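Worksheet: the structure to be examined is printed underneath.
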Amino acid sequence: MNDLDVQKQIRQMVAFIEQEANEKAAEIDAKAQEEFAIEKDNLVNQQKQKILQFYQRKEKQIELQRKIQQSNLQNQSRIAILKAREDLIQQLRQQAINQLSLISNDETKYKQLLTNLIAQAFFRLIEREVIIKCREKDINLVNVLL
């Protein structure tokens with residue numbers, strides 16, 4: 001082998017080594033790109049999950065606040081209805097007291113009212129013996145009615 005053949009063989013070996021090195025570098029680069037893409041996808045998916053969870057929590061909080069607000073409005077409405085009912089009951093009670101005081105001044109109407117009330121009490125109680133409580137000034141009238 002002469003110098004030229006040796007040089008040629010060395011160049012071929014160098015070219016072969018360079019080609020192998022380039023292929024190996026390309027493989028490493030391709031593998032690195034693939035790993036980078038996989039890692040990037042994993043990170044992107046993790047962040048998507050975090051964002052999704054964040055907005056799901058926010059949605060649940062908003063839903064909970066809406067339910068609380070609706071419940072508060074319903075309670076306020078119920079309270080308003082109960083207050084109006086209580087006011088009406090008080091008005092009716094006061095009207096009844098006023099009418100009773102007017103009736104108690106009219107002896108014939110008062111006597112008829114006492115008769116009806118005593119009879120109604122007897123029918124409702126269905127008892128053999130009944131104790132009647134009345135005002136002191138009505139004792140004689142109640143005794144006459146019995």
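The structure displayed is predicted, hence computed values, not measured ones.
- The shortest side-chain heavy-atom distance between T108 and Q112 does not fall under the 4.5 Å cut-off.
- Cluster annotation: V142 and L117 are assigned to the same hydrophobic cluster (Ile/Leu/Val/Met/Phe/Trp/Tyr, side-chain heavy-atom contacts under 4.5 Å, transitive).
- Annotation for Q90: atom CD counts as buried by contact number, over 12 foreign heavy atoms lying within 6.0 Å.
- Although no hydrogens or angles enter the test, the distance criterion places a donor-acceptor pair under 3.5 Å between the side chain of T115 and the main chain of K111.
- Of the candidates K60, Q65, R66, R66 is the only one forming a side-chain hydrogen bond (donor to acceptor under 3.5 Å, both in side chains) with E63.
- The residues D138 and R135 are annotated as salt-bridged, a charged nitrogen and a carboxylate oxygen being separated by less than 4.0 angstrom.
- Linking Ile, Leu, Val, Met, Phe, Trp and Tyr residues whenever their side-chain heavy atoms come within less than 4.5 Å places L125 and F122 in a single cluster.
- Counted within 6.0 Å of CD on Q69, heavy atoms from surrounding residues, nucleotides or ligands total 12 or fewer; the atom is thus considered open.
- For the side chain to side chain contact (heavy atoms under 4.5 Å, CB included) with L114, the lone residue among V144, L141, I132 that qualifies is L141.
- Here the side chain of N22 pairs a donor or acceptor atom with the backbone of E18 at under 3.5 angstrom.
- For the atom pair Q70 CD and N75 CG, the distance stands at 11.0 Å (nearest 0.5 Å).
- Atom-to-atom distance recorded for K24:NZ and I28:CD1 is 6.0 Å, nearest 0.5 angstrom.
- Around atom CD of Q12, more than 12 heavy atoms belonging to other residues, nucleotides or ligands sit under 6.0 Å away.
- For the atom pair CD (Q33) and CD (E35), the distance works out to 10.5 Å, reported to the nearest 0.5 Å.
- Between Q94 and Q91 there is no side-chain heavy-atom pair separated by less than 4.5 Å.
- Side-chain atoms of N45 and Q49, non-hydrogen and from C-beta on, never get closer than 4.5 Å to each other.
- Cluster annotation: L73 is not connected to L64 through the hydrophobic network of ILVMFWY side chains, with a link wherever side-chain heavy atoms come within less than 4.5 Å.
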May I have the step-by-step check of side-chain contact (heavy atoms from CB on, under 4.5 Å) for E86 and L82, ending in yes or no?
CA-CA 6 Å; E86 181 65 26; L82 289 174; over 6 Å; no
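- S104 places a side-chain N or O within 3.5 Å of a backbone atom of L100 that can act as its donor or acceptor partner.
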Evaluation steps, side-chain contact (heavy atoms from CB on, under 4.5 Å), between D5 and Q9
CA-CA 6 Å; D5 288 337; Q9 208 173 22; over 6 Å; no
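- Looking at Q76 and N72, their side chains never bring a donor and an acceptor atom within 3.5 Å of each other.
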